[in-house]
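The structure appears below as structure tokens.
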Amino acid sequence: MSKKYPDEEVYNKLVRDRIPEIIERDGKVSETRILSKEELIPLLGEKLDEEVRELLEVLGTDREETIKEMSDVLEVLRSLAEEQSMEMSEIEEVMEERAEKRGRFKQGIFLEKTRKNE
């Protein structure tokens with residue numbers, strides 16, 4: 001795909017709902033389209049990967065940036081849940097059940113290996 005204008009930036013990516021409005025407020029023109037559900041779910045998966053990578057880059061360095069990136073990850077997860085007719089409360093309930101049965105990650109246990117008990 002070639003650029004029509006010298007200052008054109010091609011993104012071809014899923015963005016938050018208000019991004020076109022923000023772009024136009026900045027005096028630019030955006031070209032967008034609404035994705036089908038079949039297109040949206042895989043792109044939400046890609047967006048989740050992108051947001052997790054951004055979180056990992058700031059993790060442990062800057063508290064405010066870490067919180068922002070964690071909120072981005074949660075926003076994508078919420079969108080994925082909604083697209084599959086799931087409620088976040090349902091996911092949180094399962095998370096609590098799993099934590100009760102298997103524990104959390106609070107203690108920082110690192111499993112090195114196992115072997116048969118003789």
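Both backbone and side-chain heavy atoms feed into the values below; hydrogens, waters and symmetry mates do not. If you read the sequence from its start, that first residue is 1, and numbering goes on from there.
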Find out whether Val58 and Thr61 are in side-chain contact, i.e. whether some heavy atom of one side chain is under 4.5 Å from a heavy atom of the other.
yes
In Å and rounded to the nearest 0.5 Å, what is the CG to CG distance from Leu77 to Leu80?
6.5 Å
Is there a side-chain contact between Glu87 and Glu92 (heavy atoms, below 4.5 Å)?
no
Look up atom CG in Leu44 and atom CG in Asp49, then write down how far apart they are to the nearest 0.5 Å.
12.5 Å
Backbone N/O of Glu83 and side chain of Lys37: donor-acceptor pair under 3.5 Å:
yes
Is Leu48 reachable from Leu35 through a run of hydrophobic residues whose side-chain heavy atoms are each under 4.5 Å from the next?
yes
If hydrophobic clusters are built by linking Ile, Leu, Val, Met, Phe, Trp and Tyr wherever their side-chain heavy atoms come under 4.5 Å apart, do Val94 and Met86 end up in the same one?
no
So, are Lys68 and Asp62 salt-bridged, with charged N and O less than 4.0 Å apart?
no
Looking at every heavy atom in both Thr66 and Gly60, which two are closest together, and how far apart are they?
OG1-N, 4.0 Å
Hey, are Lys13 and Glu50 close enough for a salt bridge, meaning a charged N less than 4.0 Å from a carboxylate O?
yes
Can you establish whether the number of heavy atoms outside Glu97 located under 6.0 Å from its atom CD is more than 12?
yes
Report the distance from atom CD of Glu9 to atom NZ of Lys28, rounding to the nearest 0.5 Å.
5.0 Å
Interatomic distance, Ile19 atom CD1 to Tyr11 atom OH [nearest 0.5 angstrom]
10.0 Å
Under a 4.0 Å threshold between the charged nitrogen and the carboxylate oxygen, would Glu39 count as salt-bridged to Arg33?
yes
May I ask you to test the Arg104-Glu96 pair for a side-chain heavy-atom distance under 4.5 Å?
yes
Mind checking whether Leu43 and Val15 sit in one hydrophobic cluster, side chains of I, L, V, M, F, W, Y counted as touching below 4.5 Å?
no
Less than 4.5 Å apart, any side-chain heavy atom of Glu64 and any of Ile67?
no
Got Leu59 and Met70 here, is their nearest side-chain heavy-atom distance under 4.5 Å?
yes
Have Glu82 and Ser79 got a donor and an acceptor in their side chains that come within less than 3.5 Å?
no
Side chain proximity check, Arg16 to Ile22, heavy atoms < 4.5 angstrom:
no
With a cut-off of 6.0 Å (strictly less than), are more than 12 heavy atoms of other residues, nucleotides or ligands near CG of Asp26?
yes
Would you call Arg25 and Glu21 a salt bridge, using N to O less than 4.0 angstrom?
yes
Same cluster or not: are Leu74 and Phe105 linked, directly or through other Ile, Leu, Val, Met, Phe, Trp or Tyr residues, by side-chain heavy atoms under 4.5 angstrom apart?
no
Spatial distance of atom OG (Ser89) from atom CE (Met95) [nearest 0.5 Å]:
11.5 Å
When rounded to the nearest 0.5 angstrom, what distance separates CD in Glu69 from CD in Glu54?
4.5 Å
Any side-chain to backbone donor/acceptor pair from Lys47 onto Leu14? Under 3.5 Å, distance only.
yes
